[in-house]
Amino acid sequence: MNKEYMLMALGLAKMSLKSEDVPVGALVVLNGEIIGKGYNQREKLNDPTAHAEIVAIKEAANKLGSWRLDDCELYVTLEPCPMCAGAIINSRIKTVVFGAYEYKSGSCSADSVVNLFNLPYNHTPEVYGGIMEEDCAKILKEFFEKRRT
């Protein structure tokens with residue numbers, strides 16, 4: 001795990017704010033090289049699948065010329081939802097590192113709605129949650145506070 005990557009993912013999350021989208025950023029790393037970057041673009045693209053993780057995974061797969069991301073790590077500022085957890089399983093990402101826990105729609109930890117990585121799918125990534133949790137949660141909290149006013 002590398003906190004520098006999480007800092008970069010936080011920088012990507014801030015890009016979501018330009019289109020008033022939930023600030024989540026993600027990147028895919030292979031052997032120390034960033035091969036995919038993404039931030040939430042659902043509002044900007046009117047696309048419910050344009051989550052940070054999906055955008056980063058697609059970019060990484062395109063760069064490698066393969067959907068198999070076997071030796072890759074995914075850094076994301078918020079615990080992945082069920083759709084993104086499914087994409088992680090299907091792309092065979094080796095390791096997931098996330099910042100803030102998502103208790104309402106998270107799908108990767110014991111304290112979440114469901115932990116899809118505990119089900120008997122064909123692939124199970126390693127998961128590390130709560131990395132730079134306070135920083136990752138702060139940007140989300142500020143976004144939703146502003147949205148409510």
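Positions are given from 1 along the sequence. Hydrogens, waters and symmetry mates are skipped; everything else that's a heavy atom, side chains included, is used.
Among all heavy-atom pairs drawn from Leu64 and Cys72, the shortest one is CD1-SG, 4.4 Å. Of all non-hydrogen atoms in Cys108 and Glu79, the two that sit nearest each other are N-OE2, 2.8 Å. Taking both residues in full, the closest heavy atoms of Leu45 and Ala50 are given as CD1-CB, 4.1 Å, listed atom of the first, atom of the second, then distance. Of all heavy-atom pairs spanning Cys136 and Ile131, the tightest one is SG-O, 4.1 Å. Taking every heavy atom of both residues into account, Asn122 and Arg92 meet most closely at ND2-NH2, 4.0 Å. Minimum interatomic distance between Phe117 and Val127 (heavy atoms only, all atoms of both residues): CD1-CG2, 3.3 Å.
Rounding to the nearest 0.5 Å places OG of Ser107 at 11.5 Å from CG of Asn118. Rounded to the nearest 0.5 angstrom, Lys18 NZ and Gln41 CD are separated by 11.0 Å. Atom CG of Leu140 sits about 6.0 Å away from atom OG1 of Thr77, to the nearest 0.5 Å. Interatomic distance, CG of Leu17 versus CD of Glu43, reported as 12.0 Å (0.5 Å rounding). Going from atom NZ of Lys94 over to atom CG of Leu69 covers 13.5 Å, rounded to the nearest 0.5 Å. Here the straight-line distance linking atom CD1 of Ile93 with atom CG of Leu74 works out to 5.0 Å at 0.5 Å rounding.
The side-chain heavy atoms of Val24 and His51, taken from C-beta on, include no pair separated by under 4.5 Å. Pro82 places a side-chain heavy atom less than 4.5 Å from the side chain of Leu116. When side chains are defined from C-beta on, Leu10 does not count as touching Leu12, because their heavy atoms never get closer than 4.5 Å. Val22 places a side-chain heavy atom less than 4.5 Å from the side chain of Phe143.
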Original post:
Given the rule in the side chain to side chain contact (heavy atoms under 4.5 Å, CB included) test, do Val55 and Glu59 qualify, once you have shown the distances and angles that lead to the verdict?
Top reply: CA-CA 6 Å; Val55 174; Glu59 185 175 297; 5.5 Å; no
**OP:** Quick one: do Ile35 and Glu33 satisfy side chain to side chain contact (heavy atoms under 4.5 Å, CB included)? Show the steps, please.
**Re:** CA-CA 6 Å; Ile35 60 169; Glu33 178 188 352; 4.1 Å; yes
**OP:** Apply the test side chain to side chain contact (heavy atoms under 4.5 Å, CB included) to residues Glu102 and Ser112: give CA-CA distance (whole Å), side-chain angles for both, the deciding distance (0.1 Å), then the verdict.
**Re:** CA-CA 7 Å; Glu102 174 51 278; Ser112 300; over 6 Å; no
Original post:
Are Val97 and Glu73 close enough, and set up right, to give a side chain to side chain contact (heavy atoms under 4.5 Å, CB included), and what steps lead you there?
Top reply: CA-CA 7 Å; Val97 180; Glu73 301 172 304; 5.6 Å; no
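Residues Leu7 and Ile34 share a single hydrophobic cluster, defined by chaining ILVMFWY side chains whose heavy atoms lie under 4.5 Å apart. Tyr128 and Leu30 fall within a single hydrophobic cluster, where Ile, Leu, Val, Met, Phe, Trp and Tyr are joined by side-chain heavy atoms under 4.5 Å apart, directly or via other members. Criterion: ILVMFWY side-chain heavy atoms under 4.5 Å apart, direct or through other members. Under it, Leu119 and Ile89 are part of a common hydrophobic cluster. Linking ILVMFWY residues whenever their side-chain heavy atoms come closer than 4.5 Å, directly or via other members, leaves Trp67 and Met83 in distinct clusters. Hydrophobic clustering places Met8 together with Leu78 (ILVMFWY residues linked when any side-chain heavy atoms are closer than 4.5 Å, directly or through intermediates).
Checking side-chain atoms of Ser91 against main-chain N and O of Arg68 turns up no donor-acceptor pair under 3.5 Å. Between the Tyr75 side chain and the Gly99 main chain, no donor and acceptor come within less than 3.5 Å of each other. Panel note: side chain Glu126, backbone Thr95; no donor-acceptor pair is recorded below 3.5 Å. Judged by distance alone, with hydrogens and angles left aside, the side-chain atoms of Asn40 form no donor-acceptor pair with the main-chain N or O of Asp21 at under 3.5 Å.
A salt bridge does not link Arg42 to Glu20: none of the charged side-chain nitrogens sits closer than 4.0 Å to a carboxylate oxygen.
For Glu145, the CD atom sits in a packed shell: over 12 heavy atoms of surrounding residues, nucleotides or ligands are nearer than 6.0 Å.
In this structure, a donor-acceptor pair under 3.5 Å is present between the side chains of Thr49 and Asp47.
Taking the six-membered ring where tryptophan is involved, the planes of Tyr101 and Phe98 are perpendicular, since the angle between them exceeds 60° and thus also 30°.
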